[in-house]
Trainee: 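Have a look at the structure that comes next, please.
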There are 2 protein chains.
Amino acid sequence: MNAKPADPSAPLADTVANCLPAELLADPLFLLVRVGVAIKSGAVEEFERTGFGPYHHSVLALLDEGARDTQAAIADALQFDRGTLVGLLDDLEQHGLVERRRDPSDRRRHVVSLTPAGRRQLAEFRTIITSLDDQFLAPLDDRERTTLLALLSKIATHYDPRFSRGGEIAATV
Amino acid sequence: MNAKPADPSAPLADTVANCLPAELLADPLFLLVRVGVAIKSGAVEEFERTGFGPYHHSVLALLDEGARDTQAAIADALQFDRGTLVGLLDDLEQHGLVERRRDPSDRRRHVVSLTPAGRRQLAEFRTIITSLDDQFLAPLDDRERTTLLALLSKIATHYDPRFSRGGEIAATV
DNA sequence: TATTGTTATACTCTATAACTATA
DNA sequence: TATAGTTATAGAGTATAACAATA
């Protein structure tokens, strides 16, 4: 709707007058959504100069961890729909960052793999992520960042167990 | 892209195999965006039966706090663009929840005010918000919720001072 | 000429589902 | 008949900017 940061040159009086209702500012869910939107658009902006977006990073990051390599498995793991993934892989393949080859044992499947150029691009994506982290989490020290991650992880996992980080689910098996 | 929660009837093995890359799950920003998207669509869904959405709640909540009552002031405070606000106010006015009347001292301006019906609707919106809070924050105790709010508030305010809750800015004046 | 509110337009995302080639 | 990948289409949401009325 309107996610631009405040104009830093605006007089302070305006800034104060334009502040959001206390009722909303007191709601963690409201802030979560607003901050999430801001981060998302900040990320898109930061990735822009690479010609890719955050979703491309997600795909490369997944491939780098091995295990999931057919398009269906990748899409399911990242919770992308398969049609969307096709477009992302087209982009990546066109720039030689991934390869698609047919699975000889089931010729419907495409097995996707990272190329050396893909690994290099992934490294660059990671520096962008790091800079985004520093940018948005600047006001938090390390301990606070860890706490935030733990809280968000709890919320996410409760919403959908697929957000679980190892341990928890395995422990219940 | 795909914000549906996991199918609870899916076998656990699938759930584990489909989990997201550790690299992403370890990034607070990634979780923030994903959780934000989930909350947003959850909110839209919960509000649906009222015939309104979360944005309508924001408008009523602001009006209930007084002070900002012209359309430009409302839009600026909520960080909506003015064109979007027109549509929201149309919806609210059509249902008798707000009134628009021309400002006699500047006939370009519309002064917007809550009606009694609007106040009642706001009360209903608040129960929806409470239930959303409980739904998404269920795994957090009160202390954790307070911590989360404080951390998000820091991040938001650093990104844009208009997210500040009273105190901080006033203190710097 | 600038501002308030309004309307119309265009563009981006994304969700759906039709389609092909294999199994 | 069902599945993997692909493509096309349509719809929601949003950003842009043109517009009429006041100042």
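Convention: sequence-line order gives letters A, B, ...; per-chain numbering from 1. Keep in mind that this is a model prediction, so the values were computed, not measured. Any value given below was found using the heavy atoms of this structure, including those in side chains, with hydrogens, waters and symmetry copies removed.
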Trainee: Quick one: on DNA chain D, does B:Lys40 or B:Asp103 contact a more 5' nucleotide (nearest heavy atom)?
Mentor: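 Result: B:Lys40.
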Trainee: Can you measure B:Arg101 atom CZ to C:dT4 atom C1' for me and round it to whole angstrom units?
Mentor: 16 Å
Trainee: Not counting sequence neighbours, which residues clear side chain to side chain donor-acceptor pair (under 3.5 Å) with B:Arg100? List them please.
Mentor: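 Per chain and number, B:Arg100 pairs via side chain to side chain donor-acceptor pair (under 3.5 Å) with B:Gln71, B:Asp90, B:Glu93.
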Trainee: Take the protein atom CG of B:Asp76 and the nucleotide atom C1' of C:dG5, then report the distance between them rounded to whole Å.
Mentor: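 Roughly 13 Å, once rounded to whole Å.
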Trainee: Take atom CD of B:Glu45 and atom P of C:dA15, then tell me their distance rounded to the nearest Å.
Mentor: 13 Å
Trainee: For B:His56, what residues pass the ring-ring contact (aromatic ring centres under 6.0 Å, His included) criterion, not counting sequence neighbours?
Mentor: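 B:Phe52.
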Trainee: If each of A:Asp106 and A:Val44 is mapped to the nucleotide of DNA chain C with the nearest heavy atom, which maps nearer the 5' terminus, i.e. the 5' end?
Mentor: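 By nearest-heavy-atom nucleotide position, the 5'-most residue is A:Val44.
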Trainee: Rounded to the nearest Å, what distance is computed from the CZ atom of residue B:Arg107 to the P atom of nucleotide C:dA2?
Mentor: 23 Å
Trainee: Report, as yes or no, whether the 6.0 Å neighbourhood of atom CD on B:Glu45 holds more than 12 heavy atoms from other residues, nucleotides or ligands.
Mentor: no
Trainee: Please write out each protein N/O paired with an N/O of nucleotides 5-8 of chain D under 3.5 Å, distance rounded to 0.1 Å.
Mentor:
{"residue": "D:dG5", "atom": "OP1", "partner": "A:Gln71", "partner atom": "N", "Å": "3.0"}
{"residue": "D:dG5", "atom": "OP1", "partner": "A:His110", "partner atom": "N", "Å": "3.0"}
{"residue": "D:dG5", "atom": "OP1", "partner": "A:His110", "partner atom": "O", "Å": "3.3"}
{"residue": "D:dG5", "atom": "OP2", "partner": "A:Ala72", "partner atom": "N", "Å": "2.6"}
{"residue": "D:dG5", "atom": "O3'", "partner": "A:His110", "partner atom": "ND1", "Å": "3.2"}
{"residue": "D:dT6", "atom": "OP1", "partner": "A:Arg100", "partner atom": "NH1", "Å": "3.3"}
{"residue": "D:dT6", "atom": "OP1", "partner": "A:His110", "partner atom": "ND1", "Å": "3.4"}
{"residue": "D:dT6", "atom": "OP2", "partner": "A:Gln71", "partner atom": "OE1", "Å": "3.1"}
{"residue": "D:dT6", "atom": "OP2", "partner": "A:Gln71", "partner atom": "NE2", "Å": "2.7"}
{"residue": "D:dT6", "atom": "OP2", "partner": "A:Arg100", "partner atom": "NH1", "Å": "2.9"}

Trainee: When you compare the side chain of B:Ile39 with that of A:Tyr159, does any pair of heavy atoms fall below 4.5 Å?
Mentor: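 Not touching, per the 4.5 Å side-chain cut-off.
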Trainee: Return the minimal non-hydrogen interatomic distance between B:Arg107 and B:Arg102, and the atom names on each side.
Mentor: O-NH1, 2.7 Å
Trainee: Specify whether B:His57 and B:Phe125 have parallel, tilted or perpendicular ring planes, treating 30° as the upper limit for parallel and 60° as the lower limit for perpendicular.
Mentor: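 Plane angle over 60°, so perpendicular.
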Trainee: Quick one: B:Asp81 CG to D:dG13 P, roughly how many Å, whole number?
Mentor: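 Interatomic distance, CG of B:Asp81 to P of D:dG13: 15 Å.
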Trainee: Expressed in angstrom and rounded to an integer, what is the separation of B:His56 atom NE2 from D:dG13 atom P?
Mentor: 11 Å
